[in-house]
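Here the structure comes first, spelled out in structure tokens, and everything after it is commentary.
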Protein chains: 2
Amino acid sequence: MVSTTQELKEAGLKATVPRMKILEILDQRRDDHMTAEDVYKVLLENNEDIGLATVYRVLTQFEQAGLVHRHHFEGGQSIFELAQGEHHDHMLCTVCGKVEEFVDEEIEKRQLAIAKKAGYRITDHSLYIYGVCPNCQKKGK
Amino acid sequence: MVSTTQELKEAGLKATVPRMKILEILDQRRDDHMTAEDVYKVLLENNEDIGLATVYRVLTQFEQAGLVHRHHFEGGQSIFELAQGEHHDHMLCTVCGKVEEFVDEEIEKRQLAIAKKAGYRITDHSLYIYGVCPNCQKKGK
DNA sequence: GGATGTAATGAGAAGCTTTTGCATTTGTAA
DNA sequence: TTACAAATGCAAAAGCTTCTCATTACATCC
């Protein structure tokens, strides 16, 4: 078990209370994909005295440090997710908002090939599949 | 050559001046990927008396009518692109902002397979590759 | 263990993009 | 041409996110 303090130091960040709390929250909800507002709400519930501005600042720092990934799903807000394990892509239910993760080696390979062919040095990529999950299909009909 | 009036009627929209002007602009700049603000600026340059709110309204209607696609690249704003020809994905240069389009049958197939396997009824998808284009790589070094 | 300098934080204001309300205008169908 | 519904312009408002600045907390050095 790695302490949050240690994790932050390794990322080159001072171990402050807000940063530790936010890291904990992201850690406890690894399956969720949270907006800054979501994180802020949890802090409020826990009676932490941490401002929304700090949440945004910290999440941005985490992103720059590689601790967190930021996504731009349809709808506008940024969504944050703890960077863990390997890269993966996302499939979202447009009805209930559920998010599933997947990896497909073939797609990864093709993307690299496409970038290479065009002479691009690839820095990042994002693939979102939008649809209706099995559960919502049942309810809808 | 199809008139813009006709195009709008076919899409089930009244042929109003703002809608025709905006459609023209998108048509003239098929290679660009414009924000609402971009479109508005062109209207201003052309001395059209069309408000920004109308640009947003019209673009949203065009999207719903299937005339236009809306993208959410990194950075926040929505980007609009005339719906033409087949579906394609995007590769963006993070330095100069250039946007290239590509299609890869294999990736399309894999996406369908992934959605099907998870029981999703797929409604849409987006794939963005971010990188540095050949031109900017030269300049950078 | 305590002082010191720097970096981080909280609160509110500000910035951007996008949407909305409403009075007025415009397009269309009779 | 008339008349009605739909569309528009403007300004205000509503999100989301960032910035400013006075205050506080962390890490380091003694």
Side-chain angles (χ1 to χ4, degrees), chain A residues 3-25 33-44 46-65 67-80 97, chain B residues 3-25 33-44 46-65 67-80 97:
Chain A
S3 72
T4 49
T5 305
Q6 194 180 329
E7 238 176 300
L8 287 169
K9 295 243 167 121
E10 281 169 11
L13 296 169
K14 262 199 215 173
T16 67
V17 171
R19 298 216 258 239
M20 287 193 285
K21 295 291 176 193
I22 291 171
L23 191 51
E24 268 170 34
I25 288 171
H33 292 73
M34 310 180 82
T35 63
E37 190 78 33
D38 289 338
V39 172
Y40 180 59
K41 277 191 205 134
V42 175
L43 289 168
L44 286 184
N46 297 357
N47 294 308
E48 300 293 343
D49 192 20
I50 295 174
L52 182 56
T54 300
V55 175
Y56 275 102
R57 269 186 301 235
V58 168
L59 287 173
T60 301
Q61 290 159 352
F62 282 5
E63 188 196 5
Q64 285 163 355
L67 291 175
V68 149
H69 291 143
R70 182 194 297 246
H71 297 288
H72 304 271
F73 296 155
E74 278 181 5
Q77 302 113 296
S78 293
I79 298 237
F80 298 87
Chain B
S3 73
T4 50
T5 304
Q6 193 180 332
E7 237 177 302
L8 287 169
K9 296 241 167 124
E10 280 169 10
L13 296 169
K14 262 200 216 175
T16 66
V17 172
R19 299 215 256 241
M20 287 193 285
K21 294 292 176 195
I22 291 170
L23 192 52
E24 267 171 35
I25 288 171
H33 292 70
M34 309 181 82
T35 63
E37 189 78 32
D38 290 337
V39 173
Y40 180 59
K41 276 190 206 134
V42 176
L43 290 168
L44 287 184
N46 297 357
N47 293 307
E48 299 293 343
D49 192 21
I50 295 174
L52 182 55
T54 298
V55 175
Y56 275 103
R57 271 186 298 234
V58 168
L59 288 173
T60 301
Q61 290 158 351
F62 282 5
E63 188 197 5
Q64 284 162 355
L67 291 175
V68 149
H69 290 142
R70 182 194 297 248
H71 297 287
H72 304 271
F73 297 155
E74 278 180 6
Q77 303 113 298
S78 293
I79 299 241
F80 299 87

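Lettering follows sequence order; numbering is per chain, from 1. Because the structure is predicted, anything quoted here is derived from the model rather than measured.
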* **Over all atoms of both residues, closest heavy-atom pair of B:Ala65 and B:Leu13** => CB-CD1, 4.3 Å
* Give a yes/no on whether any side-chain N or O of A:Thr54 is located under 4.0 angstrom from OP1 or OP2 of C:dA8. => no
* With a 4.0 Å cut-off on heavy atoms, is B:Ser78 in touch with a base, just the backbone sugar-phosphate, or nothing at all? -> sugar-phosphate
* Asked: Out of B:Ile22, B:Leu44, B:Leu52, which one pairs with B:Val39 under the side-chain contact (heavy atoms from CB on, under 4.5 Å) rule?
  -> B:Ile22
* What class does the angle between the rings of A:His71 and A:His69 fall in, given that below 30° is parallel, 30 to 60° is tilted and above 60° is perpendicular? -> perpendicular
* Asked: What are the bounds, 5' to 3', of the part of DNA chain D that sits under 4.0 Å from heavy atoms of chain B?
  -> D:dA6 to D:dA11
* **Protein-nucleotide distance (B:Tyr40, atom OH; C:dT19, atom C1'), rounded to Å** => 15 Å
* Write down the distance between CD (B:Gln77) and P (C:dG15), rounded to a whole number of angstrom. => 17 Å
* Asked: In whole angstroms, how far is the C1' atom of C:dT28 from the CZ atom of B:Arg19?
  -> 12 Å
* Asked: Separation of A:Leu44 atom CG from C:dA11 atom C1', in whole Å?
  -> 14 Å
* Between B:Ala15 and B:Leu8, which heavy-atom pair has the shortest distance, and what is it? -> CA-CD1, 4.0 Å
* Asked: For C:dT28, does OP1 or OP2 lie under 4.0 Å from any side-chain N or O of B:Lys9?
  -> yes
* For B:Glu37 and C:dT19, give me the distance from atom CD to atom C1', rounded to whole Å. => 15 Å
* Asked: To the nearest 10 degrees, how far apart in direction are the end axes of the helix from C:dG1-D:dC30 to C:dA30-D:dT1, each fit to five base pairs?
  -> 30°
* Asked: Hey, does the side-chain of A:Arg57 have a donor or acceptor N/O within less than 3.5 Å of a partner on the base of C:dG10?
  -> yes
* Structure fact -> For B:Lys14 and B:Arg19, the nearest pair of non-hydrogen atoms, with its separation, is O-NE, 3.0 Å
* Inter-residue atom distance B:Ile79.CD1 - B:Met34.CE, 0.5 Å rounding -> 10.0 Å
* To do: Please report the shortest heavy-atom distance between B:Thr35 and B:Phe80, naming the atom on each side.
  => C-CD1, 4.4 Å
* Asked: Mapping B:Arg70 and B:Thr5 to their closest nucleotides on DNA chain C, which lands nearer the 5' end?
  -> B:Arg70
* Below 4.0 Å: OP1/OP2 of C:dT18 and any side-chain N or O of B:Tyr56 -> yes
* Rounded distance in Å - NZ (B:Lys14) to P (C:dA29) -> 9 Å
* Structure fact -> d(B:Ile50 CD1, B:Leu43 CG) to nearest 0.5 Å is 5.0 Å
* Classify the nucleic acid contact of B:Leu52 as base, sugar-phosphate or nothing, counting any heavy atom under 4.0 Å across all strands shown. => base
* If you check every side-chain atom of B:Ala15, which of C:dG10, C:dT28, C:dA8 has the closest atom? -> C:dT28
* **Atom-pair distance (CG on A:Leu8; P on C:dA8), nearest Å** => 11 Å
* Asked: Considering heavy-atom distances to DNA chain C, does A:Ala53 or B:Phe80 have its closest nucleotide positioned more toward the 5' end?
  -> A:Ala53
* **Residue pair A:Arg57 / A:Thr60, side-chain donor-acceptor N/O under 3.5 Å** => no
* To do: May I have the distance from B:Met34 (atom CE) to C:dT17 (atom P), rounded to whole angstrom?
  => 15 Å
* What distance do B:Leu23 atom CG and B:Glu7 atom CD have between them, rounded to the nearest 0.5 Å? -> 5.0 Å
